[in-house]
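Each remark here refers to the structure printed beneath this line.
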Amino acid sequence: MKSYLQNILQNALDKISPEPVKPDIIIEKPRTPEHGDAATNLAMTLAGTLRMPPRKIAEQLIENLDYDASKIKAVEIAGPGFINFRYADNWLFDQLGEVIKLGSDYGKTTGNSGKKMQVEFVSANPTGPLTVGHGRNAVLGDTIARLLEWTGADVDREYYFNNAGRQMRVLGESVRARYLQLLGEDAELPEGGYEGAYIADIAQKLIDENGDKLKNTQPDNPQFKQAAEEAIFEDIRNTLDRMNIRMDQFFNENTLYEDKSIDSVVQRLRDKGLAYDKDGATWFKTTEFGKEKDTVLIKSTGEPTYRLPDIAYHISKLERGYDLCIDIFGADHIATYPDVVSALKALGYDSSKIDVQVYQFVTIVKDGQPFKMSTRKANFVTLDELMNEVGPDVTRFFFLMRTPGTHLEFDIAEAKEAGEKNPVFYLQYAHARIHSIMVKASEEYNMEQTPDLSLLTHESEIALIKQVFQFPDAIALASQHREPHRLITYMNEVAGHFHKFYHDCRIMGEDAPIARARIALLQATRTTLANGLRILGISAPEKM
RNA sequence: GCGCCCGUAGCUCAGUUGGAUAGAGCGUUAGAUUCCGGUUCUAAAGGCCGGGGGUUCGACUCCCUCCGGGCGCACCA
């Protein structure tokens with residue numbers, strides 16, 4: 001419908017405009033129903049270029065507007081020059097039939113079809129369990145991937161990790177210390193070691209499997225680190241699985257060293273005069289790109305900083321042929337990714353294919369106090385603990401509810417208490433209630449007959465139909481902005497319109513024709529809610 | 001000091017890429033339901049959209065400035 005309106009408006013514009021103009025024609029749903037079902041501000045935006053008053057332009061547009069009366073009932077000028085459209089009733093009923101026919105595919109659009117995309121998210125190094133701090137990243141990434149899939153894209157979910165480096169070495173040493181302690185030896189955690197109880201669990205497992213055979217091996221015996229990495233990764237996968245997240249690929253940073261792509265990046269930057277040596281280190285000339293200081297790529301110890309593999313990694317993504325690569329980053333990375341983009345540009349890659357989504361941090365409040373988390377010091381609340389308390393649905397919903405750009409205050413006590421008062425129940429309850437009505441109705445009425453949808457004339461019925469029709473637009477919008485909360489806002493409105501309808505219009509006890517028509521409307525509403533919940537990765541229960 | 005993000009009802013937050021009279025939930029107050037699930041619905045109260053300038057037909061939205069909060073600014077990731 002949106003593109004239809006844009007089409008006929010453009011045709012009318014071609015007739016009245018002395019010179020060809022092709023503006024972006026914005027069609028929106030007015031806030032108040034008196035302003036119709038769809039509106040455009042086209043006449044106002046054109047006032048400047050056509051040098052005519054907006055209302056005059058609107059009049060001429062309408063005079064030249066060639067529209068299908070089976071779709072549009074009325075076109076009006078309002079306010080300073082808005083053009084308002086009202087949909088024809090029969091068109092509404094036809095579309096309602098389409099929604100039911102589409103079923104679990106309703107809401108899918110083709111704006112991104114044929115495109116290969118990648119979303120990289122979580123990407124936590126395997127030094128400990130996933131915490132609520134990682135939760136926002138994980139859920140946002142997965143849901144953005146789902147939204148893109150619903151707009152037609154082929155999406156890969158990728159987890160990038162580093163199992164070398166200092167943190168992992170300290171992790172291995174920590175396991176070794178616990179291992180020795182469990183065997184009654186005198187051992188101490190290394191400086192800055194990991195204090196969490198899971199370290200001792202891993203050490204215990206090593207004892208179960210190897211006894212004390214590892215006692216007299218070298219302190220840097222890789223078995224400790226490997227055992228830790230395996231156990232922690234298994235734990236992380238399980239947590240993600242519980243949250244309804246399945247990665248397509250885990251990408252190990254180490255492969256970028258093995259295939260020499262790191263060296264290649266440095267060499268290519270040198271060739272462009274963008275890398276040089278100073279004080280025993282290798283520097284990237286970020287001052288060329290407006291930064292105040294140059295940036296170290298390789299430390300004087302010979303070890304690269306994380307920025308270098310980051311550049312190589314993004315080159316790898318682009319060379320794998322993705323049309324779009326989305327990075328989900330916390331606010332702490334905000335200052336670092338411009339370097340990566342600069343490097344990609346300088347080396348001749350199309351950096352517009354990299355889309356960095358930065359979300360603001362989650363502030364944990366525990367016992368009424370801000371709570372500073374640290375994986376190393378074992379001050380954290382894990383996602384598993386949270387899911388044990390409130391379940392995966394509430395967990396996902398909590399992280400998706402708000403716009404990613406604002407801080408999310410996560411009060412542990414409130415989340416636990418939230419339980420039944422949590423807003424996610426409002427959506428799930430609507431779905432369960434519809435299911436229950438439909439089961440009852442199918443016992444009472446013959447559902448074989450085709451419903452006569454034109455019997456849906458009540459204000460609440462029409463409002464619900466129109467709300468259901470907004471679904472594909474809501475998905476497309478949330479997908480474009482990479483903001484899942486926009487879909488939630490929409491779905492709350494669906495549930496609201498449904499409950500109003502439920503309150504105003506009965507089914508059981510009504511004559512069969514009207515009952516059948518209303519059940520069809522329920523079917524479409526249920527489809528919308530179920531599909532929406534599926535995108536959010538939240539269950540759509542039949543009973544609660 | 002520099003860069004980025006955020007200030008909207010008592011609280012938590014929306015606000016359709018500059019539009020028509022700024023909305024919802026929770027909380028408060030007053031109501032509805034013999035009947036399909038009361039985890040529901042209706043209504044009221046509650047606002048200088050942090051302050052001040054600017055841009056234009058029109059600003060919560062864009063620009064500047066100030067105030068207040070968060071996060072970055074390493075040869076750490």
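A, B, ... follow the sequence lines: proteins, then strands. Residue 1 opens every chain.
Nucleic acid contact for Y502(A): base, since at least one base atom lies under 4.0 Å from a heavy atom of the residue. Residue-level contact check: A430(A) touches neither bases nor backbone, having no heavy atom under 4.0 Å from any strand. Across all strands shown, N125(A) has heavy atoms under 4.0 Å from sugar-phosphate atoms exclusively, and none from any base. Using a 4.0 Å heavy-atom distance criterion, K293(A) is classed as a sugar-phosphate-only contact. As judged by a 4.0 angstrom heavy-atom cut-off over every strand, E542(A) is placed among the base-contacting residues. Within 4.0 Å of A281(A), counting heavy atoms only, lies at least one base atom of the nucleic acid. T489(A) comes within 4.0 angstrom of sugar-phosphate atoms only, judged by non-hydrogen atoms across all strands, and of no base. The residue N162(A) sits close only to the backbone: its heavy atoms come under 4.0 Å of sugar-phosphate atoms, none of a base. Heavy atoms of L477(A) sit under 4.0 angstrom from primed sugar atoms or phosphate atoms, though from no base atom.
Between R482(A) and D355(A) a salt bridge is recorded (basic side-chain N to carboxylate O distance below 4.0 Å).
Here H333(A) does not pack flat against the base of G72(B), since the 5.5 angstrom centre distance and 30 degree tilt limits are not both met. Residue ring and nucleobase are not stacked for Y429(A) and G37(B) under a centre distance beneath 5.5 angstrom and an angle between planes beneath 30°.
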Convert the base pairs of RNA chain B into dot-bracket notation, remembering that pairs crossing earlier ones are written with [ ] and that bases paired across to another strand are shown as |; include only Watson-Crick or G-U pairs under 3.5 Å.
(((((.(..((((.....[...)))).(((((.......))))).....(((((..]....)))))).)))))....
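Considering only side-chain N and O atoms, Y160(A) lies nowhere under 4.0 angstrom from the phosphate OP1 or OP2 of A77(B).
Checking E158(A) against Y313(A) by side-chain atom types alone, a donor-acceptor pair falls below 3.5 Å.
Between H497(A) atom NE2 and U42(B) atom P there is a gap of 10 Å when expressed in whole angstrom units. Summarising the geometry, the separation between OH on Y359(A) and P on C71(B) is reported as 14 Å, rounded to the nearest angstrom.
Using modelled atom types, one side-chain atom of R516(A) and one backbone atom of N446(A) make a donor-acceptor pair closer than 3.5 Å.
Going from the P atom of G70(B) to that of A77(B) covers 27 Å, rounded to whole Å.
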